[in-house]
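First the structure, in the form of structure tokens, and then the observations on it.
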Amino acid sequence: MPEVRIAAEPRTEFGKGGARRTRRAGKLPAVLYGHGTDPRHISVPTRDFEHALRLEGANVLLDLQLEDGSELALPKSIQRDPVRGVIEHIDLILVRRGERITVDIQVNIVGEVAAGGLLDQQFTTLSVSAEATNIPTSIEVSIDGLEIGDAIHAGQVKLPDGVELIADPEASVVHILAAPTAEEMEAELDTEGAGVVEDEPEGEAGEGAEAGAEGGEAAGEGGAADEGDAPAE
């Protein structure tokens, strides 16, 4: 994976107000930590970071250009606005050349599903160990030749040289299921429809019951008044 050089500068404003001002200036608030060092509050250009993500993926290796030198870092956590989806904050972890780290790699399925089959992808990422400067962008898993009922387990996925599987090797990454027939889908829809209970209409009986209840309450109130008005013996 190539290193993406990106400018970074210290951040002196904190809290929600400071973060908003940083973003309005076209930068992302970030925290850089790792290797036993104190966390450093920095900011990076929003456009440059988003461009790096689009090109290299979530495990992009950043060459941060700081005032006191450069540091290699990987995105550890990317926080986004839940509505707009824009990046609001990033956590970056320091790495060193030659250091092995554990990361989750995107799984891309290639090939055609067998006729009458349905693809069931149970893992979209795989946890692997790799050298910090040699992290694959993604892993391809081919389903060509798989028949209905076949599966590919994590231990069967071909990994690039120097990359080791950390995930359970017996975990099923993809499974080819039998696609439901038109009759089966229609029967399922009929079953779901039969389970729907229609609301009871408000009829005269219901109104009469409510009127009776109101009359009972009035009678109860009248009875209580009579007892209260009765003269003591």
Side-chain angles (χ1 to χ4, degrees), residues 1-8 28 30-37 42 44-66 69-80 85-114 117-146 150-176:
M1 174 180 290
E3 300 169 15
V4 178
R5 180 172 295 188
I6 189 169
L28 286 172
V31 175
L32 176 65
Y33 64 94
H35 294 299
T37 62
I42 63 173
V44 297
T46 301
R47 183 173 296 178
D48 292 350
F49 181 75
E50 291 177 341
H51 181 68
L53 278 183
R54 285 194 298 271
L55 286 182
E56 305 298 340
N59 293 314
V60 56
L61 183 61
L62 301 173
D63 182 6
L64 299 174
Q65 302 298 302
L66 298 157
S70 63
E71 296 278 11
L72 288 180
L74 287 169
K76 182 67 174 177
S77 173
I78 300 175
Q79 299 173 20
R80 295 179 180 270
V86 297
I87 301 175
E88 292 193 325
H89 185 276
I90 50 178
D91 289 344
L92 302 171
I93 187 167
L94 289 165
V95 295
R96 293 172 181 157
R97 289 181 176 82
E99 174 186 12
R100 294 192 71 86
I101 59 174
T102 298
V103 291
D104 291 335
I105 304 298
Q106 180 74 32
V107 174
N108 293 333
I109 306 299
V110 297
E112 297 293 331
V113 181
L118 184 67
L119 176 66
D120 176 23
Q121 183 176 356
Q122 300 182 12
F123 283 85
T124 58
T125 63
L126 279 181
S127 182
V128 301
S129 170
E131 198 268 319
T133 58
N134 192 35
I135 301 172
T137 303
S138 61
I139 300 170
E140 284 192 353
V141 174
S142 175
I143 59 172
D144 282 334
L146 294 186
D150 289 346
I152 296 178
H153 299 90
Q156 298 173 297
V157 175
K158 181 174 176 55
L159 299 176
D161 292 339
V163 178
E164 299 176 2
L165 181 69
I166 300 297
D168 179 5
E170 297 301 319
S172 177
V173 178
V174 293
H175 184 209
I176 306 300

Review point. How would you list, by chain and number, every residue that makes a side-chain hydrogen bond (donor to acceptor under 3.5 Å, both in side chains) with Asp104, sequence neighbours excluded?
Key: none
I'd like to check [X] versus [Y] (side-chain heavy atoms, cut-off strictly below 4.5 Å). Are they in contact?
X: Val103; Y: Val128; value: yes
X: Ile105; Y: Asn59; value: yes
X: Gln106; Y: Thr137; value: no
X: Leu64; Y: Ile6; value: yes
X: Val174; Y: Asp120; value: no
X: Leu61; Y: Ile135; value: no

Could you pull out all residues at least two apart from [X] that satisfy side-chain contact (heavy atoms from CB on, under 4.5 Å)?
X: Asp63; answer: Glu3, Arg5, Gln65, Ser70, Leu72
X: Glu99; answer: His35, Val95, Arg96, Ile101
X: Ser77; answer: Gln79, Asp91

How long is the straight-line distance from [atom2] of [Y] back to [atom1] of [X], given to the nearest 0.5 Å?
X: Leu118; Y: Ile176; atom1: CG; atom2: CD1; result: 8.0 Å
X: Glu71; Y: Leu32; atom1: CD; atom2: CG; result: 6.5 Å
X: Ile152; Y: Leu146; atom1: CD1; atom2: CG; result: 4.5 Å
X: Ile93; Y: Leu62; atom1: CD1; atom2: CG; result: 12.5 Å

Which atoms form the tightest heavy-atom contact between [X] and [Y], and what is the distance?
X: Leu94; Y: Gly34; result: CD1-O, 3.7 Å
X: Leu126; Y: Ala167; result: CD2-CB, 4.2 Å
X: Ala130; Y: Asn134; result: CB-O, 4.0 Å
X: Leu92; Y: Pro75; result: CD2-CA, 3.8 Å

Point to revise | Working for side-chain contact (heavy atoms from CB on, under 4.5 Å), residues Val107 and Val173 | key: CA-CA 9 Å; Val107 174; Val173 178; 4.2 Å; yes
**Study point:** Donor-acceptor side-chain pairing of Ser129 and Arg100 below 3.5 angstrom
**Key:** yes
Donor-acceptor pairs are to be reported for all side-chain atoms of residues 44-54 against protein atoms at under 3.5 Å, with residues two or more places apart or in another chain.
| unit_1 | atom_1 | unit_2 | atom_2 | d |
| --- | --- | --- | --- | --- |
| Thr46 | OG1 | Gly26 | O | 3.3 |
| Thr46 | OG1 | Lys27 | N | 3.4 |

Practice item. Not counting sequence neighbours, list each pair that qualifies as a side-chain hydrogen bond (donor to acceptor under 3.5 Å, both in side chains) and has a residue in residues 156-172. Key: His153-Gln156
Acceptor/donor pairs from residues 138-145 side chains to any protein atom, 3.5 angstrom cut, sequence neighbours excluded:
| unit_1 | atom_1 | unit_2 | atom_2 | d |
| --- | --- | --- | --- | --- |
| Ser138 | OG | Asn108 | ND2 | 3.2 |
| Ser142 | OG | Asp144 | N | 3.3 |
| Asp144 | OD1 | Glu112 | N | 3.0 |

